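The basis for the numbers below is simple: all heavy atoms, side chains too, and nothing from hydrogens, waters or symmetry mates. Everything numeric in this text was worked out from a predicted model, so none of it was measured. Read the numbers this way: they start at 1 and go in the same order the structure lists the ligands and their atoms.
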Amino acid sequence: MGKPRVFSGIQPTGDIHLGNYLGAIRNWVEGQSNYENFFCVVDLHAITVSHDPKALAADTRKVAALYLACGIDLECASVFVQSHVSAHSELTWLLNCITPLNWLEDMVQFKEKAVKQAENVGTGLLDYPVLMAADILLYNTDKVPVGEDQKQHLELTRDIAARMNYLYGSEENPVLKLPEPMIRAEGARVMSLTDGTRKMSKSDPSELSRINLLDPPETIQQKIKRCKTDSVRGLTFDDSERPECHNLLTLYMILSNQTKESVTQECAEMGWGQFKPLLMETMIAALKPIQDKYQEIMAEPGYLESVLRQGRQNAEAIANPTLARVKAALGYSIPL
Ligand code: AQP
């Protein structure tokens, strides 16, 4: 038996922020040697809200380069672009036809994003979780490392796979494999710097709400200087009335590789004036190696393209047979 397979991805919309890094990429990197990994830049998802065609290709390359800069190892992982593997779109259509509409209408992220889109809600936004299900199911994925916000979509993926198996497979011969979520407690939900009750998010109109992985030191300093705090002296993880305090301490804990106990002790008597410079320095130091590596990757002509070409080949070798299996189960079997 080979290693269990992992699939995950991030959209090339806006800049990758600390939430994407701590909720997803860092976990991919930490566990990667235990798995056979497929990390995808999910560019078909990027057009489910309005997007800039002029920026799409550059943003896609940027996300792929960031995967590598964060430490994805090509010895155990394939990095590829979703739209390069046509099986993603094709399986989405087949899964659409077995997915009840009300399952999609119940998705929290759809409801939240639909409100932000006002009258301009595309069918793609509603269908986003089916595309995500196709992404995952194509690779017979065992585990999906994501942040807390994607948990509901993963449950839906399992429901869709189970429905396909029930309708068109059998217990001995399931059509699709049911994946498991892999959500780590720390960093699973990084909160906004301007409101500790909302998740850090690319679509927040305020740049001050998030730290992007490629933010230069001066920008990080400014954002931390201006981030929301409170007027209480002494910092603690465990006061539910102080969400910003919890969030900033958690960021400090993860980025400085400390335990909750040691940060609790170190910061118990601190005021914000003392803590903020410490957090800034820690953040700048943690992001520097990623930023340096990113510049190296982008400076090497043709390197990224060769990684993505190989990634596409590896992905198609798994995705195409899965698609063929689903089509056969649905009765598409005229030999040509
Ligand atoms: N704040 C977060 N904390 C922890 N994990 C997070 N993720 C996203 N935000 C946080 C995780 O990042 C991965 C990529 O998710 P995505 O491709 O759905 O990213 P996105 O939707 O483009 O990014 P945002 O910031 O979540 O965008 P908005 O909010 O604008 O839609 C996933 O594993 C996700 O869990």
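- Annotation: cation-pi pair Arg163/Trp103 present, NZ/CZ under 6.0 Å from the ring centroid and within 45° of its normal.
- In this structure, Lys260 places its NZ atom where more than 12 heavy-atom neighbours from other residues, nucleotides or ligands lie under 6.0 Å away.
- The protein non-hydrogen atom at the shortest distance from atom 4 (C) of ligand 1 is Ala188 O, 3.1 Å.
- When only non-hydrogen protein atoms are considered, atom 29 (O) of ligand 1 lies nearest to Ser201 OG, 2.6 Å.
- Side-chain contact check for Asp238 and Thr236: no donor-acceptor pair (N or O, by modelled atom type) lies under 3.5 Å.
- At under 3.5 Å, a nitrogen or oxygen of Val190, whether backbone or side chain, sits near a nitrogen or oxygen of ligand 1.
- Numbered from 1 in the order shown, with element, the atoms of ligand 1 that lie under 4.0 Å from a heavy atom of Arg189 read 3 (N), 4 (C).
- Crowding of Lys151 atom NZ: a count of heavy atoms from other residues, nucleotides or ligands under 6.0 Å not exceeding 12.
- With ring centers used as reference points, Phe7 lies 6.0 Å or more from Phe39.
- Scanning all protein heavy atoms for the shortest distance to atom 17 (O) of ligand 1 gives Gln11 N, 2.9 Å.
- A donor atom on one side chain and an acceptor atom on the other are found under 3.5 Å apart for Asp43 and Ser83.
- Environment of CH2 in Trp93: sparse, with no more than 12 heavy atoms of neighbouring residues, nucleotides or ligands closer than 6.0 Å.
- Counting heavy atoms closer than 4.0 Å to ligand 1, residue Asp149 contributes side-chain atoms (C-beta onward) but none from N, CA, C or O.
- Looking at heavy atoms from C-beta onward, Arg189 lies out of side-chain contact with Leu22 at the 4.5 angstrom threshold.
- Summary of contacts: the protein heavy atom closest to atom 15 (O) of ligand 1 is Asn20 ND2, 4.1 Å.
- Close contacts between ligand 1 and Gly147 involve ligand atoms 5 (N), 33 (O), 34 (C), 35 (O) [criterion: under 4.0 Å to a heavy atom].
- Among the atoms of Lys199, some N or O lies under 3.5 angstrom from an N or O of ligand 1.
- For the ligand labelled ligand 1, residue Arg210 lies outside the 4.0 Å heavy-atom shell.
- By the criterion of side-chain heavy atoms lying less than 4.5 angstrom apart, applied directly or through intervening Ile, Leu, Val, Met, Phe, Trp or Tyr residues, Val79 is not grouped with Leu44; the two fall into different hydrophobic clusters.
- Using modelled atom types, one finds a donor on one side chain and an acceptor on the other under 3.5 Å when comparing Asp135 with His45.
- At a heavy-atom cutoff of 4.0 Å, ligand 1 is contacted by both the backbone and the side chain of Ser203.
- Among all non-hydrogen protein atoms, the one lying nearest atom 32 (C) of ligand 1 is Gln150 CG, 4.0 Å.
- For the pair Val42 and ligand 1, the shortest N or O to N or O distance does not fall below 3.5 Å.
- Close approach of ligand 1 to His17 is summarised as follows: ligand atoms under 4.0 Å from at least one heavy atom of the residue are 9 (N), 24 (P), 25 (O).
- Residue contacts with ligand 1: Lys202 is placed with a nitrogen or oxygen under 3.5 Å of a nitrogen or oxygen of the ligand (distance criterion only).
- Every residue two or more places apart in sequence or in another chain that forms a salt bridge (Lys or Arg N to Asp or Glu O under 4.0 Å) with Lys223 is listed here: Glu207, Asp215.
- Taking distance alone, with nitrogen or oxygen atoms compared against 3.5 Å, Ile10 stays at or beyond that limit from ligand 1.
- Under 4.0 Å from ligand 1, not a single heavy atom of His45 appears.
- Taking the salt bridge (Lys or Arg N to Asp or Glu O under 4.0 Å) definition, one finds that Glu296 meets it with Lys293, sequence neighbours left out.
- Atom 6 (C) of ligand 1 has its closest protein heavy atom at Gly19 O, 3.3 Å.
- Under the 6.0 Å cut-off for aromatic ring centres, His88 and Tyr139 qualify, their centroids lying closer than that.
- Taking 4.0 Å as the cut-off, Thr13 counts as a neighbour of ligand 1 on heavy-atom distance.
- Protein heavy atom nearest atom 31 (O) of ligand 1, with residue, atom name and distance: Lys113 NZ, 2.6 Å.
- Less than 4.0 angstrom separates some heavy atom of Tyr128 from each of these atoms of ligand 1: 18 (O).
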